[in-house]
Amino acid sequence: METNLEIGRTESEVEGRSPSLFRYSESIDEEPAKVRIFVLDAQPLLRQGISTYLNSQPDMMVCGEAGSVADARRKIAECQPQFVVTALRLGAGDSLKLIKELKNQNPGLCVLVYSAFEENIFAERAIRAGASGYVMKQAASEKLATAVREIMKGGIYVSRELALSAFRKSLQRHRKDNHTLRSGNCLEELSNREMHIFQLLGSGLGTKQIAASLDLSVKTIESHRENIKHKLRLRSSGEVRERATKWVEQNLSREDHIFRRGGSPTEVLSVAPVTTET
């Protein structure tokens with residue numbers, strides 16, 4: 001009954017009440033602000049699927065999408081997202097370079113990388129570039145939302161397996177006579193550029209094609225190839241290409257290969273703790 005009487009009162013009758021009460025009642029139905037997310041992936045179906053999933057979350061909204069690094073630079077500047085979800089392979093662009101650029105321009109921007117590439121090799125490269133997390137494409141979709149929320153709280157997100165691996169490596173670094181760390185996976189010794197060239201070699205591109213694709217000289221590519229050969233402890237350039245081809249076949253599905261039928265490069269790998277997935 002007292003509530004019904006309140007409804008009929010005029011503004012002058014309740015004038016003596018604290019204004020803060022009215023501010024609270026007016027905002028009581030307002031929803032909390034959603035995280036503005038930008039999605040970057042060269043594959044339209046995958047990009048749209050990720051956007052649809054993120055938009056279904058009560059605390060997230062996709063404010064923009066792009067299929068290439070060049071397009072992303074323009075659109076990100078326009079929509080001013082708080083968060084960028086990006087794949088590693090984005091046409092001829094270098095996604096790690098883009099991450100560095102974005103973080104330099106806006107240190108508060110959060111970045112999450114998702115990829116099908118080996119987490120133990122590429123997650124650290126992505127985080128060094130400025131990303132705050134790495135999710136495998138094979139992971140359950142819930143992991144993507146979990147990663148976004150954890151990063152927005154100031155955390156870093158990688159899988160439990162990677163976190164444990166990083167912990168073991170930190171222990172091994174303190175062992176003077178330990179040699180297993182560097183010999184365990186020689187690919188980890190490759191620089192981002194060398195890893196990039198290694199993947200291009202494995203995808204069927206020749207030295208001149210790689211040089212043209214990366215806007216570098218043939219001599220520079222040959223120098224990188226020699227460095228790759230020594231770091232992987234291989235005897236010849238032929239063994240480098242054979243090792244690279246096997247790696248590509250193991251890590252990329254046929255449609256992900258750079259060299260598709262028709263002979264033109266379509267996608268270039270941009271290479272590169274902690275809260276972990278549960």
Side-chain angles (χ1 to χ4, degrees), residues 30-67 69 72 75-76 79-90 95-96 98-99 102-103 106 108-169 250-253 255-256 267 269-278:
E30 291 181 2
E31 295 182 359
K34 296 184 178 184
V35 180
R36 292 171 54 82
I37 303 174
F38 189 92
V39 178
L40 178 54
D41 193 295
Q43 301 179 35
L45 289 178
L46 183 55
R47 184 173 70 246
Q48 292 164 14
I50 290 173
S51 295
T52 299
Y53 171 73
L54 293 175
N55 279 326
S56 72
Q57 302 302 304
D59 54 343
M60 304 175 194
M61 64 168 287
V62 174
C63 63
E65 299 180 11
V69 168
K75 291 184 176 180
I76 288 175
C79 71
Q80 295 293 308
Q82 300 165 272
F83 203 106
V84 173
V85 174
T86 177
L88 272 182
R89 301 181 336 102
L90 301 163
S95 53
L96 291 190
L98 175 66
I99 292 171
L102 294 176
K103 294 295 288 186
N106 181 5
L109 181 67
C110 297
V111 180
L112 172 66
V113 172
Y114 67 95
S115 174
F117 298 124
E118 295 176 74
E119 188 180 27
N120 63 329
I121 296 177
F122 296 101
E124 184 176 351
R125 296 171 190 264
I127 291 173
R128 283 180 178 175
S132 295
Y134 191 97
V135 175
M136 295 292 290
K137 285 184 177 180
Q138 299 91 323
S141 57
E142 292 79 8
K143 300 295 184 183
L144 186 62
T146 299
V148 171
R149 295 186 180 105
E150 193 59 45
I151 292 170
M152 285 301 296
K153 290 190 294 185
I156 294 177
Y157 189 94
V158 296
S159 72
R160 175 181 175 82
E161 291 77 12
L162 181 64
L164 290 173
S165 175
F167 178 70
R168 294 189 192 100
K169 288 180 181 180
Q250 292 171 357
N251 286 271
L252 305 180
S253 59
E255 66 270 18
D256 284 336
E267 295 184 4
L269 168 65
S270 322
V271 191
V274 175
T275 296
T276 66
E277 65 180 30
T278 56

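Computed from a predicted structure; not experimentally measured. The first residue of the sequence shown is numbered 1, and numbering continues consecutively from there.
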>> How close do Val113 and Ala131 get, counting heavy atoms only, and between which atoms?
In response: CG2-CB, 3.9 Å
>> For Pro81 versus Ile37, what's the shortest heavy-atom pair and its separation?
In response: CB-C, 4.4 Å
> Does Val62 offer a backbone N or O that forms a donor-acceptor pair with the side chain of Asn55 under 3.5 Å?
Replying inline: yes
> Is Glu65 reaching over with its side chain to a backbone N or O of Val39, donor-acceptor style, under 3.5 angstrom?
Replying inline: no
> Under the side-chain contact (heavy atoms from CB on, under 4.5 Å) test, which residues partner Ser115, sequence neighbours left out?
Replying inline: Leu88, Phe117, Tyr134
>> Return the CE to CZ distance between Met152 and Phe83, rounded to the nearest 0.5 Å.
In response: 7.5 Å
> Taking all non-hydrogen atoms of both residues, which atom of Ala116 and which atom of Met136 are closest, and how far apart?
Replying inline: O-CE, 3.6 Å
>> For a quick test of reading the model, state the closest non-hydrogen atom pair linking Glu142 to Tyr53 and the distance between them.
In response: CA-OH, 3.3 Å
>> If we ignore hydrogens and angles and just use 3.5 Å, is the side chain of Tyr114 paired with the main-chain N or O of Val85 as donor and acceptor?
In response: no
> For Asn106, what residues pass the side-chain contact (heavy atoms from CB on, under 4.5 Å) criterion, not counting sequence neighbours?
Replying inline: Leu109
>> Checking Arg128 now: which residues fulfil salt bridge (charged side-chain N to carboxylate O under 4.0 Å, His left out) with it, not counting sequence neighbours?
In response: Glu124
>> Closer than 3.5 angstrom, by distance alone: can the side chain of Arg47 be matched with the main-chain N or O of Asp41 as a donor-acceptor pair?
In response: yes
> Can you list every pair that meets salt bridge (Lys or Arg N to Asp or Glu O under 4.0 Å) and has a residue in residues 50-64, with sequence neighbours left out?
Replying inline: Asp59-Arg149
> If you round to the nearest 0.5 Å, how far is CE of Met61 from CZ of Arg36?
Replying inline: 5.0 Å
> Cys110 and Ile151: which non-hydrogen atoms are nearest, and at how many Å?
Replying inline: CB-CG2, 3.7 Å
>> Distance check, rounded to the nearest 0.5 Å: Leu112 atom CG versus Ser132 atom OG?
In response: 8.5 Å
>> What's the separation between atom CD in Gln43 and atom NZ in Lys137, rounded to the nearest 0.5 Å?
In response: 5.0 Å
>> Restricting to side-chain contact (heavy atoms from CB on, under 4.5 Å), what partner residues turn up for Ala72, sequence neighbours left out?
In response: Phe38, Leu40, Ala66, Ile76, Leu98
